[in-house]
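Positions are given from 1 along the sequence. Ligands are counted one by one from 1 in listed order, and the atoms in each one are counted from 1 as well.
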Amino acid sequence: MRAEERTFVAIKPDGVQRGLIGDIVKRFETKGYKVTALKMLQVTDAQAKAHYAEHEGKPFYPRLIRYIQSGPIVAMVVEGYNAVAGVRHLMGSTDPDKAEVGTIRADYAQVMEYNVVHGSDSVESAEREIAIYFNENEIFDERKCMSELVTEYLDAD
Ligand code: UDP
Ligand code: MG
């Protein structure tokens, strides 16, 4: 049984600088996920360390920390059925040259060091990462379809 989940997504500084925000957000929306929180921000030292704690000590860690702080990111909460795995599937493998054509990393990136997007790797990671970047009152998960909005509008007078 697939579960309604929320995941943390970031458009990394290279994606923001290259003008890919709209294209990338569109991929999640057209898939049918809900973007329930979104903001642009400069990642602080504390946020970078917390976000990538699992990679501390690895050879690529110092460069990864510099990369994620090299310009603003767009941070998002994305919700939907099986959203954690589904979002990573849309993003493709960490290395863009191994990612399947049609995924974000295959289509928009060339090297692992600048792979445009981040997506949580588990429900637990997602909750941990969401808390690094968002307060719960910044997440808006209510959605209304057009007929509900029209009915509300017509009933208002
Ligand atoms: N990364 C890198 N070199 C590596 C492995 C990872 O530069 O050899 C960077 C890359 O930007 C990646 C991030 O570190 O997205 C986090 O690595 P992870 O293995 O968690 O990959 P992801 O979950 O982002 O696919
Ligand atoms: Mg990861």
Residue-ligand contact Arg88/ligand 1, heavy atom below 4.0 Å
yes

With a cut-off of 6.0 Å (strictly less than), are more than 12 heavy atoms of other residues, nucleotides or ligands near CD of Glu100?
no

Cation over ring, Lys39 on Phe134, under 6.0 Å and within 45°?
yes

So is Arg105 touching ligand 1 or not, going by heavy atoms under 4.0 Å?
yes

Atom 15 (O) of ligand 1: which of Ile65, Asn115, Asp14, Leu64 has the nearest heavy atom?
Asn115

Roughly how far, to the nearest 0.5 Å, is the OG1 atom of Thr7 from the CD atom of Glu127?
9.0 Å

Could you identify the single nearest non-hydrogen protein atom to atom 10 (C) of ligand 1 and state the distance to 0.1 Å?
Met112 O, 3.4 Å

Atom 6 (C) of ligand 1 [closest protein heavy-atom partner, distance rounded to 0.1 Å]
Phe60 CE1, 3.5 Å

Could you check whether any side-chain N or O of Asp14 sits under 3.5 Å from a backbone N or O of Val116, counting only pairs where one atom can act as donor and the other as acceptor?
yes

Can you pull out the closest protein heavy atom to atom 25 (O) of ligand 1? Residue, atom name and distance to 0.1 Å, please.
Thr94 OG1, 2.6 Å

Any ion pair linking Arg143 and Glu29 (charged N to carboxylate O, less than 4.0 Å)?
no

Option nearest atom 20 (O) of ligand 1 (shortest heavy-atom distance, choices Glu113, Arg63, His55, Lys12)
His55

Under 3.5 Å donor-acceptor, Gln42 side chain and Gln69 backbone:
yes

